[in-house]
There are 2 protein chains.
Amino acid sequence: MALEHAILGFLSRDPMTGYDLKTRCFDDGAGHLWTADQAQVYRTLDRLSREGRVRSRLVPQRGKPDRKVFSITHKGRRALETWLRDPEDPSPVRDPFLLHILLSSDLPDGEIIAQLERARGQYQQRLDDLRGRARTEVDAWERATRRSRDAELRRMTIAASVAAARTSIDWIDDSIERVSKGLPAPPSDAARGTDGGIG
Amino acid sequence: MALEHAILGFLSRDPMTGYDLKTRCFDDGAGHLWTADQAQVYRTLDRLSREGRVRSRLVPQRGKPDRKVFSITHKGRRALETWLRDPEDPSPVRDPFLLHILLSSDLPDGEIIAQLERARGQYQQRLDDLRGRARTEVDAWERATRRSRDAELRRMTIAASVAAARTSIDWIDDSIERVSKGLPAPPSDAARGTDGGIG
DNA sequence: GATTTTTATAGGACTTGTCATATACTCGTC
DNA sequence: GACGAGTATATGACAAGTCCTATAAAAATC
């Protein structure tokens with residue numbers, strides 16, 4: 001549902017192909033807060049086309065497949081505006097890494113710390129990526145008429161991602177410290193009944 | 001994929017029914033970091049059963065439907081341990097609210113602020129919920145043998161969620177301030193071509 | 001000259017997750 | 001006594017998303 005509106009949002013700035021949407025808008029422009037599968041982009045464009053929210057025209061090229069340039073229709077613009085005004089309820093949290101930690105009581109302390117350290121590295125990498133994004137004024141964004149307003153909003157969302165990654169790293173550091181002091185011991189194997197017995 | 005292992009993890013603590021898993025383990029115990037759909041829980045239990053990772057026995061009850069009590073098998077325990085040792089790569093971020101903000105340049109500043117304020121309230125609510133969770137030693141957790149180790153890990157994950165929510169609120173406050181100062185103006189309607197023209 | 005990357009679109013198979021609905025009985029409350 | 005909430009399991013229909021593969025040719029790199 002979000003993908004659909006993101007596509008309308010990007011097309012409302014500039015007509016472009018599915019390929020442009022995937023690479024320039026999603027991967028480069030919004031990759032810090034949303035990912036899009038290539039197949040999903042094309043399928044969604046197809047559906048939006050059938051629904052009359054976007055339309056396409058074919059631009060022939062020599063050698064390469066025709067460019068299928070999509071643009072937003074009036075109907076699509078109305079749908080986008082409705083979505084923009086409709087407040088976004090925060091989706092329930094699903095954090096596979098935290099779930100992993102939550103269930104890790106069978107792992108020895110040392111391995112929990114190793115998991116935390118690995119995750120720390122990955123959040124660090126994410127920060128590096130975000131630093132790169134902050135430097136890059138994205139092409140599709142730059143070309144758009146509303147350059148500076150869009151750019152400012154993009155900066156804001158990158159700041160949010162940076163803050164989130166930093167918070168995760170801080171939490172990991174605290175947690176490594178906590179686990180290093182020794183977590184309460186797990187119960188002995190004997191106390192655990194695989195298959196749960198009968199009684 | 002995560003749901004499957006979470007179920008194995010919970011069952012490795014205590015044999016229980018699908019209903020218990022959904023309500024006590026997911027909603028009450030892990031709801032701050034993972035949500036599970038009831039239908040999905042039963043379907044996954046079914047599949048795990050067919051794969052020999054869990055088994056069930058029927059406990060007849062008067063009036064109510066039979067309790068189908070699931071317990072983890074040796075095979076299931078091995079699968080769980082493999083998963084626990086296998087580091088969890090952080091999944092790509094998908095934040096519908098940030099996406100919404102990113103695409104909001106068509107909204108006037110005041111409406112962007114309203115969106116931010118609404119989200120602030122919801123993160124505040126999340127904090128309240130987390131405070132409740134921090135107070136509650138969960139039933140299923142309490143009954144488990146490894147009480148204190150599990151409880152400590154759970155406390156850690158709640159701390160992570162609290163920190164994340166606080167960070168979001170701080171970011172929102174900063175952003176409200178930023179937008180209040182006035183974002184660069186959007187382009188006039190005339191500068192935007194619905195349907196993209198031909199050139 | 002051979003391989004890889006980039007540009008460009010698209011379908012098949014699959015997994016995961018959501019929503020609605022059905023059954024069925026108990027217990028508390030208004 | 002009606003009504004809703006809690007306990008308990010399950011299916012059908014569907015939406016959303018991922019992974020893999022295929023096609024096709026130019027341009028860049030080794």
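A note on names: the letters A, B, ... follow the listed sequences, proteins ahead of strands, and every chain is numbered from 1.
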With axes from five pairs an end, tell me the bend angle of the helix from C/dG1-D/dC30 to C/dC30-D/dG1, nearest 10°.
-> 30°
A/Tyr19 side chain, from C-beta outward: closest of D/dC19, C/dT7, C/dT18 | C/dT7
Calculate the interatomic distance between B/Lys68 atom NZ and D/dT11 atom C1'; express it in whole Å.
-> 13 Å
Please assess A/Asp20 against A/Thr17 for the test side-chain hydrogen bond (donor to acceptor under 3.5 Å, both in side chains), listing each intermediate value before the final yes or no.
-> CA-CA 5 Å; A/Asp20 287 333; A/Thr17 67; 3.2 Å; yes
Given atom CD of B/Glu51 and atom C1' of C/dT15, what is their separation to the nearest angstrom?
-> 13 Å
Can A/Arg120 and A/Glu117 be counted as an ion pair, charged N to O under 4.0 angstrom?
-> no
When the nearest nucleotide of DNA chain D is assigned to B/Gly18 and to B/Pro92 on a heavy-atom basis, which residue is associated with the more 5' position?
-> B/Gly18
Write down the distance between CG (A/Asp46) and P (C/dT9), rounded to a whole number of angstrom.
-> 12 Å
Hey, what's the ring geometry for A/His5 with A/Trp83, parallel, tilted or perpendicular (30° and 60° as the breaks)?
-> parallel
Quick one: is B/Thr17 getting a side-chain N or O under 4.0 Å of the D/dT7 phosphate, OP1 or OP2?
-> no
D/dT7 phosphate, OP1 or OP2, under 4.0 Å from B/Lys22 side-chain N/O = no
Assess the side chains of A/Arg55 and A/Ser71: does a donor N or O sit below 3.5 Å from an acceptor N or O?
-> no
Report the distance from atom CG of A/Asp20 to atom P of C/dT9, rounded to the nearest whole Å.
-> 8 Å
If you find the nucleotide of DNA chain D closest to B/Arg43 and the one closest to A/Gln40, which residue's nucleotide is nearer the 5' end?
-> B/Arg43
In whole angstroms, how far is the C1' atom of D/dA8 from the CG atom of B/Leu45?
-> 13 Å
Can you check whether B/Glu51's main-chain N or O pairs, donor with acceptor, with B/Lys75's side chain at less than 3.5 Å?
-> yes
Is there a side-chain polar atom (N or O) of A/Arg67 under 4.0 Å from OP1 or OP2 of C/dT9?
-> no
Grab the CZ-C1' distance between A/Arg47 and D/dG17 for me, whole Å please.
-> 12 Å
Could you please name the option among D/dA8, D/dC20, C/dT6 that lies closest to any side-chain atom of A/Ala39?
-> D/dC20
Roughly how many Å is it from CG in A/Asp27 to P in D/dT18, rounded to a whole number?
-> 12 Å
Could you tell me whether the side chains of A/Ser105 and B/Arg13 share a donor-acceptor contact shorter than 3.5 Å?
-> yes
B/Tyr42 side-chain N/O to D/dT9 phosphate OP1/OP2 under 4.0 Å = yes
In whole angstroms, the gap separating C1' of D/dA16 from CZ of A/Phe26 amounts to 14 Å
Taking the nucleotide of DNA chain C with the closest heavy atom to each, which residue, B/Gln38 or B/Thr44, is nearer the 5' end?
-> B/Thr44
